Amino acid sequence: MTLRRAAALVGILGLAGCGGAQSPLAPAGEQAASIASLFWLMMAVCGFMYLLVLGFLGLGLWRARHTAGVGAEPNIDPADRGLTRTLLFWAGLVVGGLTLLIVGSFLVDRTIAQARARTAIEVRVTGHQWWWRIHYRDPVSGAWIESANELHLPVGRTTRVTLGSADVVHSFWVPNIAQKLDLIPGLQNVVDLTPTRTGWFRGQCAEFCGAQHAHMAFDVKVDTPAEFDRWLAGQARAAALPTDAAAIRGMRIVSTGPCAMCHAVRGTRAVGRPGPDLTHIASRRSIAAGTLPMSRGGLQGWIVQPQAVKPGTMMPPTPLSPADADAVSRYLAGLK
Ligand code: CUA
């Protein structure tokens with residue numbers, strides 16, 4: 001087996017995965033670290049008991065083979081004090097193991113609940129088939145700033161994410177940072193995320209929600225607080241105005257053509273609501289909820305033939321001439 005295949009197998013088993021960018025066992029958040037320690041405690045307690053059971057099973061088999069009178073009724077004396085002591089020892093071991101698991105589980109729940117008492121950055125995440133609408137509360141103005149499919153968090157601070165759904169049940173999970181929680185239509189769930197190191201991570205929908213469930217991912221960027229503030233201030237601004245002729249034509253096509261029925265680009269006439277906000281689309285790392293890396297070619301392919309990229313997506317194909325597709329992708333690629 002090649003090294004790469006071995007690594008893929010380990011990834012499937014959930015013990016690594018995506019270079020650590022999506023692994024509950026490579027914690028980069030307070031909540032995930034606490035859950036990972038509970039995982040290892042359960043692994044240790046249950047593994048120890050499992051090995052003991054296998055050991056005694058082996059011993060029993062070995063003794064049966066090497067002792068005379070195989071098949072005879074076992075001769076158990078109820079007054080045998082050695083037997084009573086052994087049984088008490090086993091019962092104590094089981095009770096002790098279970099007590100460890102209960103205490104560990106209680107401590108993890110407490111760590112997760114404690115974050116709720118802190119002041120936090122407010123974020124709203126709404127699940128759609130098959131992408132994520134994300135709103136950030138501007139700490140200065142109090143206004144909500146809309147984005148999609150990429151979550152930015154400041155390191156060392158708690159972000160409170162209120163989860164809702166626009167259609168079916170989804171599940172929000174950033175394995176490296178915190179536990180998963182469902183997005184349920186008509187209900188609001190709240191999860192706190194407290195990242196402990198900076199970097200890129202991967203989040204995903206963890207509840208089957210239709211044909212493109214597997215393509216409902218999102219990028220998570222943990223920044224320093226100063227970087228986060230700078231990034232949020234950038235997201236609050238209206239879209240950049242294009243300067244070259246092709247991009248200007250692209251803006252006209254986007255803001256007066258069919259794109260504007262579903263998408264908003266703040267500062268232009270495109271104010272559609274059903275699809276993701278495109279005001280700063282080129283600042284994001286991927287297209288279509290983690291389906292394609294961000295590039296002009298990717299944008300063109302996605303706009304002209306979305307059903308080929310993500311069959312079943314709500315995004316309809318947009319028949320554009322090659323020149324128009326080029327103009328639109330030039331415009332969108334400038335929306336940093
Ligand atoms: Cu949304 Cu699975």
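Residues: numbered from 1 along the sequence shown. As the structure lists them, so they are numbered: ligands from 1, and atoms in each ligand from 1. Predicted model only: the values in this text are computed from it and were never measured.
- In this structure, O of Glu207 and SG of Cys205 enclose an angle of 90° at atom 2 (Cu) of ligand 1, rounded to 10°.
- Trp132 and Phe172 have perpendicular rings, their planes meeting at more than 60° on a 0 to 90° scale where under 30° would count as parallel.
- Between Trp130 and His215, a ring centre-to-centre spacing not shorter than 6.0 Å is recorded.
- With respect to Arg284 and Glu150, no salt bridge is recorded, no charged nitrogen being found less than 4.0 Å from a carboxylate O.
- At least one N/O/S atom of Cys209, from backbone or side chain, sits under 2.8 Å from atom 2 (Cu) of ligand 1.
- For Trp173 and Phe218, the ring centers sit 6.0 Å or farther from each other.
- Looking at His213 and atom 2 (Cu) of ligand 1 together, the shortest N, O or S contact belongs to ND1.
- Checked against atom 1 (Cu) of ligand 1, the N, O or S atom of His170 at the shortest distance is ND1.
- The aromatic ring centroids of His66 and Trp62 lie less than 6.0 Å from each other.
- Atom 1 (Cu) of ligand 1 has an N, O or S atom of Met216 inside 2.8 Å of it.
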